[in-house]
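Quick notes on the structure that follows.
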Number of protein chains: 2
Amino acid sequence: MTTTGRRVGRPRATARAESGLTAREELLAAAGQLFTTRGYTATTTRAIAERAGMRQASMYHYFGGKEDVLAALLEGTVRPSLDLALALAARDDLPAEARLWALCRADVALLCGGPHNLGALYLLPEVRAERFADFRAVRDELKAAYAGLLAATAAGAELPEDELALRADLVFGLIEGVILIRREAPDRDPADFASATADAALRVAGCAEHVLPKLRREGEALHAG
Amino acid sequence: MTTTGRRVGRPRATARAESGLTAREELLAAAGQLFTTRGYTATTTRAIAERAGMRQASMYHYFGGKEDVLAALLEGTVRPSLDLALALAARDDLPAEARLWALCRADVALLCGGPHNLGALYLLPEVRAERFADFRAVRDELKAAYAGLLAATAAGAELPEDELALRADLVFGLIEGVILIRREAPDRDPADFASATADAALRVAGCAEHVLPKLRREGEALHAG
């Protein structure tokens, strides 16, 4: 084994010049591509490392194995939305409807962003395993944050508890449902799609059609701010 | 090899006494269970045959291979809804809103029915292959039928063409999105959930809240009739 060049079994702390990604990010990008095109089961840690331009042994400096890579990819699809949801939950000086709109829009943009449809990995049977409890917990927290914002809307405040839980499931299902439709209209503008999905979520939440334009403006301001 | 008993390499035309299923149905049930719990890649035709109580060779009387079994499972998740959608499209004596409601409700009941979440298989990378073109064509026809009913609603008729296509995607995404939420509230009544999702779909379609109870009654009558 050579001890010079980028194929040594040591972590690289700096970004590769050609992609601007760190070694860890390159491994995640490689795994995201392989898991969503070849399949999780069919992908080896060796194939991930090779696609990222490093040896299999080097990969183990960053991840404990294939499950760790999958866990990191999955958490990346929910953690940023949870962080936003918690920040929005604290802003009770703002209308709940506009905060819900802003969360929906950002969540759709995250789920539809990036080159690979990582949300498709949610439905892998492997994700039920104990190793992915953290991902499931973050996703549950995110869903609870949606329910909390929904409960604070004018329409949500009037719903009985079981109906509110059902409505929160449907809003969350609509947002995650973009996983199933994201690649069917590739020339659609992603930002427009995210805004339209956020509008639809507020319709499901029970907001009247005539208040949507105002909520959208408020939500967009929140997004920009 | 014995030439008597149920393990011979010949098709069984009659149902097995214990389950009431035909051999083909037993193979589909076995494959549905294995594909959604162990994963498609990890499941062999031998494992499917064994779980269905027959030899691997017997399985090939019913299916050409694992891909054929997957294709049959996938088509079973869209064909009944397409048949209903085409029947509903022809009933232009009835309000489009009520027909859309009835389609949504039946589609959710189909996607949430049965012991296994077969819709989870939609996101397998393998489903992009030529072998599954029939499934994708049926799903596209179903989506077009949704768009047709949506265009015939009072709210849909007022939308410009691109907005209508987007709205149809969102309604279809909400319905298929039940794949992502079906198992999280197992004690929820499936019929109530299907009706609530159909209500939500009409909200996304732009129906005003105050007309929903009437549409729901009309849709339910259509469902029963």
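Keep in mind the model is a prediction, meaning the values are calculated, not measured. Chain A is the first sequence line, chain B the second, and so forth, proteins listed ahead of strands; every chain is numbered from 1. As a basis for the values below, the full set of heavy atoms in this structure was taken, side chains included, without hydrogen atoms, waters or symmetry mates.
Look at R105(B) and E220(B) and you find a salt bridge, because one of the NZ, NE, NH1 or NH2 atoms lies within 4.0 Å of a carboxylate O, short of that distance. A salt bridge does not link R188(B) to D162(A): none of the charged nitrogens lies less than 4.0 Å from a carboxylate oxygen.
Each of Q56(B), E67(B), E50(B), K66(B) was evaluated against T45(B); a single residue qualifies, Q56(B), per the side chain to side chain donor-acceptor pair (under 3.5 Å) test.
Of all the listed residues (L212(A), L174(A), L202(A), V171(A)), the one sharing the greatest number of non-hydrogen pairs under 4.5 Å with chain B is L174(A). Heavy-atom pairs under 4.5 Å with chain B were tallied for D192(A), I175(A), L166(A); the largest tally goes to L166(A).
Note: Y122(A) and F135(A) have tilted aromatic rings, judged against thresholds of 30 and 60 degrees for the angle between ring planes.
Side-chain contact, E97(A) with T153(A): no donor N or O sits under 3.5 Å from an acceptor N or O.
Looking at F35(A), only its backbone comes within 4.5 Å of chain B, counting heavy atoms on both sides. Proximity to chain B is limited to the backbone of R38(A), based on heavy atoms less than 4.5 angstrom apart. Interface remark: A208(A) contributes no atoms to any contact with chain B (heavy atom separation under 4.5 Å).
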